Amino acid sequence: MLWAVAVDEPTERELRVMPWWLVLVGLLAAVTLGWLVLDLLLTEADRASQPDTRATLRIDAIRTGLTVVAGTGGGLALLLAARRQWITERAQRHQESVAARDQAHRDRVQAHAEAVAEAAQRHQDRQSGAAEHDAAERRLTELYTRAVELLGNDSAAVRLGGLHALERLGQDNPGQRPTIAAVLCAYLRMPAPDGEPRETEVRRTAQRVLTRHLRAGDDFWPELTLDLAGAALVDFDAAGCTLVDATFTEAVFTGTTTFAGATARGRLLLGAATFGDVVFEGLAAEGEVVLDGVRVRGLASFDGAAFADGLSCRRASFAGPTSCRRATFGQPTSFDATRFEDAATFREAVFDGALSMEHTEFGGSATFYSARFTNMALFRWTVFGAEALFDRAHFLDAANFGRARFHSMASFRDAQFSRPPQVEQARTVADPGHRWPAGTTVERLDDDWLLLVDR
């Protein structure tokens with residue numbers, strides 16, 4: 001729409017046309033004035049006594065009268081010339097003003113035309129972009145639907161093709177990656193037919209597709225969230241992956257599972273999961289790691305792992321050897337009611353937060369050689385079924401072994417305590433190899449058992 005812009009201009013009085021009678025009146029006034037002057041001068045000249053003088057004065061009177069008439073007429077002519085010049089200048093100013101207004105109007109019209117053309121171009125671009133976006137979205141939807149349909153095919157080869165189609169779709173379209181990861185997780189959560197090797201290979205491929213894009217590199221898909229709760233996973237390999245709020249609750253891991261060198265951001269939930277062999281070596285966990293109720297049928301390795309926000313491993317079961325060498329545990333760490341059926345070592349581990357191993361059972365040897373306990377360490381009601389080795393351990397806060405049971409040799413050789421440990425009502429078998437903390441009082445209960453008493 002063209003909007004008129006009001007411009008403040010100086011207001012000019014309306015130009016009026018001079019009537020013809022006004023010129024006639026001016027001429028009559030000039031003649032009348034000349035006549036009056038002439039009459040006055042002639043009257044004065046007639047009063048002269050000498051004829052010659054009177055004649056001369058009359059001639060001068062006539063000349064003066066004519067001069068007055070001529071002067072008055074000249075003055076009137078000068079006024080008319082001045083008015084004509086003023087009218088000419090006013091006309092020139094008016095023409096210039098009209099020309100300026102016309103030019104401003106043309107400029108506004110041109111600007112409006114350009115704005116309309118630009119708006120039309122933008123609208124056309126938007127329509128074109130919207131059409132392209134709709135076409136791209138329809139194409140993505142078709143590709144996605146087709147790939148998902150392939151996953152439901154009865155043929156394992158077709159399902160493999162569907163997996164690779166989804167992967168290509170996610171690689172080319174970053175916005176689709178969370179949805180594709182969710183589809184793959186949902187596929188892995190579906191019940192798997194027992195003893196079907198082709199389906200096992202399809203599931204291995206789905207696992208590799210997920211983990212391949214969780215590792216740093218050109219194929220990395222950032223900020224993916226895995227929900228594999230209750231999934232059946234075979235030889236799951238998340239080594240070097242970045243896991244964001246990953247959930248594996250009640251998942252069943254067969255074969256060897258590895259999280260070696262992985263980075264866990266947010267919570268890593270593995271509660272009630274079942275493992276064959278599992279490796280957490282070098283895991284860097286920035287959030288809480290939950291292993292409550294896990295079952296490990298083979299070996300478990302946490303060597304060099306760092307749990308910045310603590311570890312919860314309550315009521316878990318480790319059937320094979322368990323190693324936590326040089327692992328770092330920040331914030332409260334709990335192994336309450338956990339059972340280690342084979343040897344468990346925490347050699348040179350660092351517990352920056354409180355440690356609780358109440359009601360924990362060690363079926364094999366328990367090694368805490370050179371471990372460092374920055375906060376309180378609770379071993380109340382803990383059962384040590386084999387050797388309990390705390391040699392060179394360093395307790396910077398309270399240590400409580402109340403009501404613990406030592407079924408074999410216990411050694412605290414060169415262990416350091418910031419305060420005397422509490423051992424009230426702890427029991428141990430009679431063994432000459434015991435090395436108790438300095439100042440520990442030992443009383444005999446019977447031929448087989450000794451009682452530890454706080455002073």
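Bear in mind the structure is a predicted one, so any value in this text is a computation, not a measurement. Values reported hereafter were calculated over all heavy atoms of this structure, with side chains retained and with hydrogens, waters and symmetry mates removed.
Inspection of the S356 and D336 side chains reveals an N or O donor paired with an N or O acceptor under 3.5 Å. In the model, R101 has a side-chain atom that pairs as donor or acceptor with a side-chain atom of S97 under 3.5 Å. Using modelled atom types and a 3.5 Å distance limit, the side chains of E114 and Q110 yield a donor-acceptor pair. Counted by atom type alone, D245 and T225 present zero donor-acceptor pairs between their side chains at under 3.5 Å. No hydrogens or angles considered: a donor-acceptor pair under 3.5 Å links the side chains of T428 and H434.
Under the side-chain hydrogen bond (donor to acceptor under 3.5 Å, both in side chains) criterion, W436 pairs with no residue at all, not counting sequence neighbours. In this structure, the side-chain hydrogen bond (donor to acceptor under 3.5 Å, both in side chains) partners of R106, at least two apart in sequence or on a different chain, are Q103.
Between F275 and F318, the ring centre distance reaches or exceeds 6.0 Å. A distance below 6.0 Å separates the ring centres of F401 and F390.
In this structure a side-chain-to-backbone donor-acceptor pair under 3.5 Å is present from T382 to M357. Judged purely by atom type and a 3.5 angstrom limit, R159 uses its side chain to pair as donor or acceptor with the backbone of N153. Although no hydrogens or angles enter the test, the distance criterion places no donor-acceptor pair under 3.5 Å between the side chain of D454 and the main chain of Q422. D292 places a side-chain N or O within donor-acceptor distance of the main-chain N or O of R314, the cut-off being under 3.5 Å.
In this structure, F368 and F362 have perpendicular ring planes: the angle between them is above 60°, well past the 30° mark. Relative ring orientation between W449 and H407 is described as perpendicular, the plane-to-plane angle rising above 60° on a 0-90° scale split at 30° and 60°.
Using a 4.5 Å heavy-atom threshold, the side chains of T441 and L452 count as separate.
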If you apply the rule ring-ring contact (aromatic ring centres under 6.0 Å, His included), what do you find for F335 with F346, and how did you get there?
CA-CA 12 Å; F335 288 90; F346 293 84; 5.6 Å; yes
Yes or no on side-chain contact (heavy atoms from CB on, under 4.5 Å) for E281 and D303, after CA distance, side-chain angles and deciding distance?
CA-CA 5 Å; E281 295 177 1; D303 293 348; 4.0 Å; yes
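For E223 and R265, the salt-bridge test passes: some basic side-chain N is under 4.0 Å from an acidic carboxylate O. Look at D448 and R427 and you find no salt bridge, because none of the NZ, NE, NH1 or NH2 atoms lies under 4.0 Å from a carboxylate O. Salt bridge present: E167 and R212 bring a charged side-chain N and a carboxylate O closer than 4.0 Å. We find that R435 and D414 are not joined by a salt bridge, their nearest charged nitrogen and carboxylate oxygen being 4.0 Å or further apart.
By the 6.0 Å and 45° rule, R203 stacks over the aromatic ring of Y187.
For the pair D237 and T211, the tightest heavy-atom approach, listed with the atom from each and the gap, is O-CG2, 3.3 Å.
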